[in-house]
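Following: one structure in structure tokens, then a few remarks.
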Amino acid sequence: MELIKEERLMLKGKEGEGVQKAMEILIALAEIYGAERMIKIKSAQLAGVSYKNLGDAGLEFLSEWAEKGARVKVPTTLNPAGMDLENWEKLGIPREFAEKQLMVVKVYEKMGVKPTCTCTPYLVGNLPGFGDHIAWSESSAVCYANSVIGARTNREGGPSALAAAITGRTPLYGYHLDENRKGKFLIEVECKLGKISDFGALGYLVGKKIGNSVPYFEGIEKADSDQLKALGAAMAASGAVALFHIPGITPEAKLHNMVSESAKTIVIDSLEEAYKELNSQAKEIDFVAIGCPHASLAEIEQVSDLLKGKKVKASLWVTTSSEVRESAKRKGLLAEIEKSGAEIVADTCMIVAPIKDLGFKNMATNAGKAAFYAPAHCGVSVRFGSLDKCIEAALTGRW
Ligand code: F3S
């Protein structure tokens, strides 16, 4: 593989052991994927933040890297952590877990990472431009960045995204190259899409059918940013989709020849199968989770409207970044939501927080991705439906 002088010096350890180790990781990756050279990146986004997933071994691995002098060279943000970094006590997070989680975030901060813990970094300042090369690792954010923004990233793992942040480089392969960005499946959507949950349901079906391929949709006439993030998140979860195109909506769909000649066609004429497969038979609901991917201000506003003057029976979390919660506070939405007994929980989410330890058994959500992951990752039964239905469940404790 061809390295420029600066990269060769990094590899030789001229910038310290931490940078050398990062370059070694990237070169190993380049060899696996046949990349011929490195490219500079504009930003990074790191998974591997929740102590629930990292454990002591992960914390130790990161601490050692930081001790070796590793510091990020590009703006870098974090994925959701295992708890609200400010209000963890109020949520009942065990102290021992909290202390370890705060240590993880501290180690990242030592490396120069901004402690913004969110899967929607593009809503709070980590916003790449069209064509920018980046190294992101949260799968829903990868899908959004590639598809809706037109930036270029592979689905990085936590260590490879961190290595890219530390060197400011990533190997040139995969979705960084034009030839891999064409639609390989033509998805003809012949059913109506309205609510965010419909986009999650569609994403679930498509991801399941095409795995890690690139879908080019026909038949979706409009979709807002929240619906697109739900669609991408679900496809990235049930499959490993990292890029999709929708003519008239996503920026690369209009480029010449964006559907590969050998593309196969799949028709989706009903979402029933998804709603059926993502729903358990649970009748009692003790936990409602909205905000997967992390909620935008518009989504928080909808929740606040639905809760006005009412009291919840089940616990209701709206998960988002601390920056968006701050904006919600300024608009009076936080006070309105808290008046109902619900919470806006920042920095974490229903999947990476230890919600089983908090005693929750049956969760309702409007997110296809959360509905897909929660049974296996959190050990809860799931009900999946529209936002209205989820809020109704929070108010009555029933589905
Ligand atoms: Fe984000 Fe957690 Fe969903 S990381 S995409 S809210 S599973």
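Model, not experiment: these values are computed from the prediction. Start at 1 and go down the list; that is how both ligands and their atoms are numbered.
- Listed by number with element, the atoms of ligand 1 under 4.0 angstrom from any heavy atom of G291 are 6 (S).
- The protein heavy-atom contact nearest to atom 7 (S) of ligand 1 is I351 CG1, 3.5 Å.
- Aromatic pair Y122/Y144: centroids less than 6.0 angstrom apart.
- Counting only heavy atoms of the protein, atom 2 (Fe) of ligand 1 lies nearest to C349 SG, 2.3 Å.
- Residue C292 touches ligand 1 through backbone and side chain together, judged by heavy-atom distances below 4.0 Å.
- At a cut-off of 2.8 Å, C119 coordinates atom 1 (Fe) of ligand 1 through an N, O or S atom.
- When hydrogens are left out, the protein atom nearest atom 5 (S) of ligand 1 is K369 NZ, 3.4 Å; that is the closest non-hydrogen contact.
- The protein atom (non-hydrogen) at minimum distance from atom 4 (S) of ligand 1 is P80 CG, 3.6 Å.
- The shortest distance between side-chain heavy atoms of E64 and E17 does not fall below 4.5 Å.
- Proximity of T320 to V318: side-chain heavy atoms (C-beta onward) are nowhere separated by under 4.5 Å.
- Separation of the Y51 and F97 ring centroids falls under the 6.0 Å cut-off.
- Residue contact check: S140 has heavy atoms under 4.0 Å from atoms 5 (S) of ligand 1.
- Under a 3.5 Å cut-off, the side chain of R169 and the backbone N or O of A164 do not form any donor-acceptor pair.
- In the model, S197 has a side-chain atom that pairs as donor or acceptor with a side-chain atom of Y275 under 3.5 Å.
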